[in-house]
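Working notes, beginning with the structure itself.
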There are 2 protein chains.
Amino acid sequence: MAAKSEQTRQLVADVALKMFREIGFEKTTMRAIAQEAGVSVGNAYYYFASKDELVQELYIQVQDEHAVAATKALEGVQDLAGRLKTVLHTGIDVMTPYHQFGSDFISTAIRPTSPVNPFGEASTAARDASLAIFRSAVDGASPAVAKKLRADLPELLWLAYMGVALFWVYDKSEGQRRTRKLIDGAAPLVARGLSLAKIPGVSKVFDDVLGLVRTVKEDA
Amino acid sequence: MAAKSEQTRQLVADVALKMFREIGFEKTTMRAIAQEAGVSVGNAYYYFASKDELVQELYIQVQDEHAVAATKALEGVQDLAGRLKTVLHTGIDVMTPYHQFGSDFISTAIRPTSPVNPFGEASTAARDASLAIFRSAVDGASPAVAKKLRADLPELLWLAYMGVALFWVYDKSEGQRRTRKLIDGAAPLVARGLSLAKIPGVSKVFDDVLGLVRTVKEDA
DNA sequence: ACTCATTCTTGAACACGTTCAAAAGTGCAA
DNA sequence: TTGCACTTTTGAACGTGTTCAAGAATGAGT
């Protein structure tokens, strides 16, 4: 029997996500969710320990959509700039229905104790999934990315992606036009910048950057 | 008469900041502030429209301290790497008493409607003050920074500083050792990276980066 | 059919940030 | 002194996220 329990859980989650999309984070109160779902407030809390955990539900779903959309869109795109653009654009695509919700999300997510914190423990799975998208974007590129960069690049790009997401949240231009522009401009620049790694004088700086990144990551 | 009113305002602010420092943001309730200050809750709200505005008070104070400390510490430091290090380290210095408070602060600050949002209207003054520190760090450097970079660099460094601050918030190492390491490593790297602007192949990439920055900033 | 441990559900209660009508205080003009 | 407008102060009340003791429902073992 497919757990009556699981049904209730799904119901609450579905109602919550729908309300987040339609009326925003703050106006979606736990009481409203419960009422709309036809359960008691306490019951919603039986399945989700906090409002933040409902946000986590949304986060995971958006992440999944991104993985699917990006994988599909990457087919046939060879060059790094194009692949990077693809991953970033599809990322923004799946987030778009939640744009008005974005600032509340980030505000929630940035709190170290939040289950949605992208750097935190609770979202290791989601982060790894997201990282995997960038890894595939890098690994599948031709001409290939310089070998010494290949290991760390996906993580750095993912970090940049967090920055783009932040930019997007603040982007009040229609359809978030500016964010799209930023992606279209930055992706080729990153690719070109990386190709400079062959120049001797530049190569050393790259090595040091990688060294620093590794050092700082290490003694966490 | 130095306004009894102003005295109350100061009292509330002082008590609040002290409590933020000592027991953190969440545990510092408006009721606790009021009680400790010997006023009613409503009275605290007469002077500060929200708890966020008390955070703004803190933000401004920290900013001021940073400006003073950085200006003093910059004396006699010539090279860009050193000057950058100085500004970043003094920035972390003045924030240190509030480290445990950091994540709540950022979580508050990142909300576009917050008076403390560093990108927002309400903190234009504070941001300009902070920007001025970076501008002076750049302008006072010798050997001088490439002319074409000089206009935009302070803003980009300020942005990087926001990133460092974010890193610091998450830095759980003792005394935030890792953040210090990051600063010591990154500052010379930035300086060296900028000096590459003279190399022809690199120069073009730099130009495009600046072009992109300006484009994206323009049609806000 | 009858336990009874486990899972699920309820709604009242709590502390919080915030609001507001009303009271108290203040200072100046008549 | 009295009157009056203005500023300051109060504390009860509201809606929020969250907790929890208590009760229902469920289902496996007898």
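Each chain gets a letter, A, B and so on, in the order its sequence line appears, and its residues count up from 1.
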Would you confirm whether the ring centroid of [Y] sits within less than 6.0 angstrom of the ring centroid of [X]?
X	Y	answer
B:Tyr98	B:Phe20	no
A:Phe101	A:Trp168	no
B:Phe105	B:His99	no

Using whole Å, what does the distance between atom [atom2] of nucleotide [N] and atom [atom1] of [X] come to?
X	N	atom1	atom2	answer
B:Gln7	C:dT26	CD	C1'	15 Å
A:Arg9	C:dT7	CZ	P	16 Å
B:Leu11	D:dT9	CG	P	10 Å
A:Glu6	C:dC8	CD	C1'	14 Å

For A:Ala37 against A:Leu11, the heavy-atom pair lying closest together: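 Shortest heavy-atom contact: O-CD2, 3.3 Å.
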
Measure across B:Ala70 and B:Thr90 and return the closest heavy-atom pair with its distance rounded to 0.1 Å.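 That would be CB-OG1, 3.6 Å.
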
With the criterion being N/O to N/O and under 3.5 Å, what pairs connect the protein with nucleotides 16-20 of chain D, and how long is each?
unit_1, atom_1, unit_2, atom_2, d
D:dG17, OP1, A:Lys51, NZ, 2.9
D:dG17, OP2, A:Met30, N, 3.0
D:dG17, N7, A:Arg31, NH1, 2.8
D:dG17, O6, A:Arg31, NH2, 2.8
D:dT18, OP2, A:Tyr45, OH, 2.8
D:dT18, OP2, A:Lys51, N, 2.7
D:dT18, O5', A:Tyr45, OH, 3.3

For DNA chain C, determine which residues of residues 99-123 of chain A have any heavy atom closer than 4.0 angstrom to one of its atoms, and list them numerically.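 When residues 99-123 of chain A is checked for heavy atoms under 4.0 Å from DNA chain C, there are no hits whatsoever.
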
Return the orientation label for the A:His66 and A:Tyr161 ring planes: parallel under 30°, perpendicular over 60°, tilted otherwise.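 Rings of A:His66 and A:Tyr161: tilted, as their planes differ by 30° to 60°.
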
For nucleotides 23-25 of chain C, list the nitrogen or oxygen atoms of the protein found under 3.5 Å from its nitrogen or oxygen atoms, one pair per line.
none

Is a donor from one side chain sitting under 3.5 angstrom from an acceptor on the other, for A:Ser50 and A:Asp52?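 Side-chain D/A pair, A:Ser50 to A:Asp52: absent.
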
B:Thr96 side-chain N/O to B:Ile92 backbone N/O, donor-acceptor pair under 3.5 Å: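 Looks like yes, one N/O pair under 3.5 Å.
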
Are the charged groups of A:Asp152 and A:Arg214 less than 4.0 angstrom apart, N to O?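 Counted as a salt bridge, because a side-chain N and a carboxylate O are separated by less than 4.0 Å.
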
Does A:Tyr46 place a side-chain N or O at less than 4.0 Å from the phosphate oxygens OP1/OP2 of C:dC8?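 The answer is yes; a side-chain N or O of A:Tyr46 sits under 4.0 Å from OP1 or OP2.
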
What do you reckon, is CD of B:Gln100 surrounded by more than 12 foreign heavy atoms closer than 6.0 Å?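 Enclosed.
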
